[in-house]
Amino acid sequence: MAHIARYVFYMLPGFGAGLLAHLLLLLPRRRRLDTRGLSSGTAREGAMALFWAYCGGMAVLTLVPQPGYVTAAFLGHAAPYFDVSGLSRRVSLIPFSQLDSLFNILGNIVMFLPFGFFAALLWRGFGWRRAVLLSFAITALIECWQLFVGRYFDVDDIIFNALGVFSGFLLGAALRRLFPRLASELAVSPKL
């Protein structure tokens, strides 16, 4: 449990940045919806704020040289950002050759669930094909980026993270079907 709490702590600056991005884009997004004769309710805006906070947290956790890097940078203890030395030793291209602990495998799946979950609930026309494309695009981009910040590229991470995004999509799609009223509250609606 302490492991999870530490990762959530590392994500805090990103949560704040994500919420700030949501607030900065709120007015332009509402104008765009207005021009289309649509509106976004309170429940949807709350879910969008959660999604943006999550995205910011994940960016801080996955796109920096090490977890906790942003916090260390604020304290003046951060290492150089880009590091391509020893690149060949940080790449694993053979699937399931370096399986880590069950905690790491489940963590790689669970921490990417919200990408698919929120996408399935918040955006119309987000079907399984887009979920598959999104799952591999997001995770491959993150893994490739990590090569340049001194972290590891592991094809297993792509597989497990993509499985997490797609599982989140399935969960969100099931929720939409089981609770259509909730789904309608999370969708944009025609202006009255």
Side-chain angles (χ1 to χ4, degrees), residues 1-21 50-120 123 126-172:
M1 200 59 168
H3 222 55
I4 295 169
R6 186 171 56 241
Y7 280 113
V8 171
F9 176 73
Y10 292 154
M11 294 171 80
L12 287 177
F15 291 156
L19 286 174
L20 180 62
L50 282 174
F51 179 67
W52 276 93
Y54 163 77
C55 288
M58 285 300 291
V60 166
L61 192 62
T62 61
L63 300 178
V64 297
Q66 60 195 5
Y69 181 88
V70 174
T71 307
F74 281 125
L75 299 174
H77 304 297
Y81 200 81
F82 288 99
D83 176 19
V84 292
S85 63
L87 197 61
S88 63
R89 293 186 308 271
R90 295 192 319 253
V91 176
S92 173
L93 297 175
I94 301 170
F96 312 115
S97 66
Q98 298 181 25
L99 286 180
D100 291 328
S101 67
L102 184 60
F103 175 82
N104 192 30
I105 292 169
L106 290 176
N108 274 319
I109 294 170
V110 171
M111 73 182 199
F112 278 81
L113 282 170
F115 279 119
F117 180 77
F118 281 110
W123 288 284
F126 193 84
W128 71 269
R129 287 182 182 97
R130 287 185 180 176
V132 169
L133 181 65
L134 175 72
S135 66
F136 283 104
I138 287 173
T139 60
L141 175 74
I142 289 170
E143 287 299 308
C144 289
W145 176 260
Q146 286 180 349
L147 282 173
F148 297 102
V149 294
R151 293 179 68 176
Y152 295 93
F153 177 100
D154 190 351
V155 73
D156 293 346
D157 286 350
I158 292 176
I159 293 167
F160 292 128
N161 295 162
L163 180 62
V165 175
F166 192 71
S167 297
F169 162 76
L170 293 175
L171 187 62

[atom1]/[X] to [atom2]/[Y] distance, rounded to the nearest 0.5 angstrom?
X	Y	atom1	atom2	answer
I142	L61	CD1	CG	9.0 Å
F153	Q146	CZ	CD	9.5 Å
L134	F166	CG	CZ	11.5 Å
Y7	M11	OH	CE	11.0 Å
L63	L141	CG	CG	7.0 Å
F160	D154	CZ	CG	9.0 Å

With a cut-off of 3.5 Å and sequence neighbours excluded, list every side-chain donor-acceptor pair involving residues 106-119.
| residue | atom | partner | partner atom | Å |
| --- | --- | --- | --- | --- |
| N108 | OD1 | N161 | ND2 | 3.3 |
| N108 | ND2 | N104 | O | 3.2 |
| N108 | ND2 | D157 | OD1 | 3.0 |

Please name the pair of heavy atoms, one in [X] and one in [Y], separated by the smallest distance, quoted to 0.1 Å.
X	Y	value
F169	A131	CG-CB, 3.5 Å
I158	A140	CD1-CA, 4.0 Å
V165	S135	CB-CB, 3.4 Å

